[in-house]
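One structure is given below, encoded as structure tokens.
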Amino acid sequence: MSTIWVVRNDALGDELFEGGFISIGWDCVGDMQQIGPDMARITALLEHGYPNAKRGAFPVWAGILKRFAFEMEIGDVVVYPVKETGTLNFGRVTGGYFHEPTGTEHHHRRPVEWLMRDVPRLDFPQEVLNGINVPLTLFKVAQGAKAFLDFLHLPATAPTHPGVPVDDTEEAVSQSIDAEQVRQHTVDFVARVLLNEISHHAFEEFTADLLRTLGYQARGTPYSADGGVDVIAHKDALGLETPLIKVQCKHTVATQSRPDVQRLLGTLSPTGNEVGLFVTLGAYSKDAVALERERHNLRLLTGPDIVALTLENYAALPVRWRDLLPLRPVFVVERAAENQ
């Protein structure tokens, strides 16, 4: 029966999918097959390679390397969250550990068959997401494991150990885990409320109010005949100065495609005095992101972008939105400070 692992990787991105593997860092530690599962030896190599790191981190890192190389088994399921898009990716381990020194980074790798990609986090209940909101590079999933296996139509798993490995008991690690879990829970809460507790039209109104907190004038277009443009925004009070911002809002977590975005571009004036802003609670396809890079007059905001802006500008939002999204003031202040 499969064990489910969460693997976090902010370094390689699409290379993981194109190459069919998962990876972790700490490249100063060489081939784990040559080193073996000796925690003392792994820890010593980490201490030598990262002399400025906190001492409490070394046993945590060593435990992760050991599990990745020697405890993860063929057939185990991998959950790979992507923070930037608010999505989850699922794979199955198909081979043993291997060391790839020719890679730019993340030399510790396992081959994976990717089963599903770009699944919105909000497809799962919050109690399931709580089980993967642990800020470690690698850990076993306990809470919510069955829900993931049911989603993938895979056999149920045997009970697993708690999400935090037993050798990761440093107080500092525990405190950081608690803080990260609060942060991610808050992010999920805001996204879920915006998706499930307001209408499509209200989401357009929320987007306009969010733009106002950023210093723009914003007004909604007639709802029945907006031609794909839901909000008009501009910097000056009269809307006479360029550029004029045409905003399209998609009240969904579905991935938006290049043709979806092109329809907004089709509403822009050919004179170049208008720009397009596409807003969604989901993510964008690779082709849509490439289109944003090609066009200087286009900006794409994902669900995580909207949540981040909400938290950073929470105090300036109208009271009706703050009543809908009651958040702890301390968390909002800390979130805003992180982005200064």
Side-chain angles (χ1 to χ4, degrees), residues 3-17 19-74 76-84 89 91 93-112 131-142 160-184 338:
T3 296
I4 300 183
W5 301 83
V6 170
V7 179
R8 301 189 187 281
N9 187 327
D10 296 326
L12 299 185
D14 286 343
E15 187 177 343
L16 301 178
F17 302 118
F21 66 90
I22 54 174
S23 66
I24 60 176
W26 302 292
D27 294 337
C28 71
V29 177
D31 190 339
M32 291 293 293
Q33 291 177 321
Q34 302 298 320
I35 297 166
D38 185 335
M39 284 286 290
R41 187 178 180 189
I42 301 169
T43 300
L45 290 168
L46 288 165
E47 290 175 346
H48 178 75
Y50 302 96
N52 296 323
K54 294 182 179 179
R55 293 197 61 81
F58 296 128
V60 177
W61 298 350
I64 289 172
L65 284 163
K66 178 183 175 182
R67 281 184 288 278
F68 187 82
F70 302 110
E71 296 181 18
M72 185 178 284
E73 298 180 353
I74 295 173
D76 283 354
V77 173
V78 171
V79 182
Y80 163 41
V82 179
K83 184 177 179 180
E84 291 76 11
N89 303 276
V93 178
T94 58
Y97 166 90
F98 67 97
H99 188 248
E100 182 53 75
T102 62
T104 55
E105 54 187 321
H106 278 225
H107 298 165
H108 306 287
R109 302 184 178 186
R110 298 287 298 251
V112 163
I132 65 172
N133 290 344
V134 178
L136 293 174
T137 300
L138 176 75
F139 61 93
K140 293 179 182 179
V141 175
T160 59
H161 298 294
V164 183
V166 293
D167 53 354
D168 297 350
T169 55
E170 290 290 328
E171 183 178 356
V173 174
S174 176
Q175 291 173 350
S176 68
I177 287 173
D178 290 343
E180 173 61 18
Q181 287 174 328
V182 170
R183 186 203 70 79
Q184 187 59 66
E338 289 175 4

| request: Report the C-alpha separation of Leu138 and Trp5 in whole Å, then their side-chain angles, then the decisive distance to 0.1 Å, and conclude whether the side-chain contact (heavy atoms from CB on, under 4.5 Å) test is met. | output: CA-CA 7 Å; Leu138 176 75; Trp5 301 83; 3.7 Å; yes

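- Each of Ile4, Ile22, Thr3, Val6 was compared with Val78 under the side-chain contact (heavy atoms from CB on, under 4.5 Å) criterion, and only Ile22 meets it.
- Between Trp61 and Tyr50, the ring-plane angle classifies as perpendicular under the 30° and 60° cut-offs.
- Considering only residues two or more places apart in sequence or on other chains, Arg109 meets the side-chain contact (heavy atoms from CB on, under 4.5 Å) condition with Leu12, Glu15, Phe21, Ser23, Phe98, Glu100.
- For Glu71, there are no salt bridge (charged side-chain N to carboxylate O under 4.0 Å, His left out) partners, not counting sequence neighbours.
- Between Leu16 and Asn9, some side-chain heavy-atom pair lies under the 4.5 Å cut-off.
- Residues Pro111 and Gly96 share a closest heavy-atom pair of CD-O, 3.3 Å.
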Expected list for residues 25-38: side-chain donor-acceptor pairs under 3.5 angstrom, two or more places apart:
residue: Asp27; atom: OD1; partner: His106; partner atom: N; Å: 3.4
residue: Asp27; atom: OD1; partner: His107; partner atom: N; Å: 2.8
residue: Asp27; atom: OD2; partner: His106; partner atom: N; Å: 2.9
residue: Asp31; atom: OD1; partner: Gln33; partner atom: N; Å: 2.9
residue: Gln33; atom: NE2; partner: Tyr97; partner atom: O; Å: 3.3
residue: Asp38; atom: OD1; partner: Ala40; partner atom: N; Å: 3.0
residue: Asp38; atom: OD1; partner: Arg41; partner atom: N; Å: 3.2

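- Between Val79 and Asn89, every side-chain heavy-atom pair lies at or beyond the 4.5 Å cut-off.
- Taking the side-chain hydrogen bond (donor to acceptor under 3.5 Å, both in side chains) definition, one finds that Thr104 meets it with nothing, sequence neighbours left out.
- Among all heavy-atom pairs drawn from Ala62 and Leu46, the shortest one is N-CD1, 3.5 Å.
- Without hydrogens or angle criteria, Arg8 side chain to Tyr80 main chain gives no donor-acceptor distance under 3.5 Å.
- For the pair Arg67 and Met72, the minimum side-chain heavy-atom distance is 4.5 Å or more.
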| side-chain contact (heavy atoms from CB on, under 4.5 Å) between Leu65 and Phe68, worked out | CA-CA 5 Å; Leu65 284 163; Phe68 187 82; 5.8 Å; no

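- Atom CD1 in Ile64 sits 11.5 Å away from atom CD1 in Ile42 (nearest 0.5 Å).
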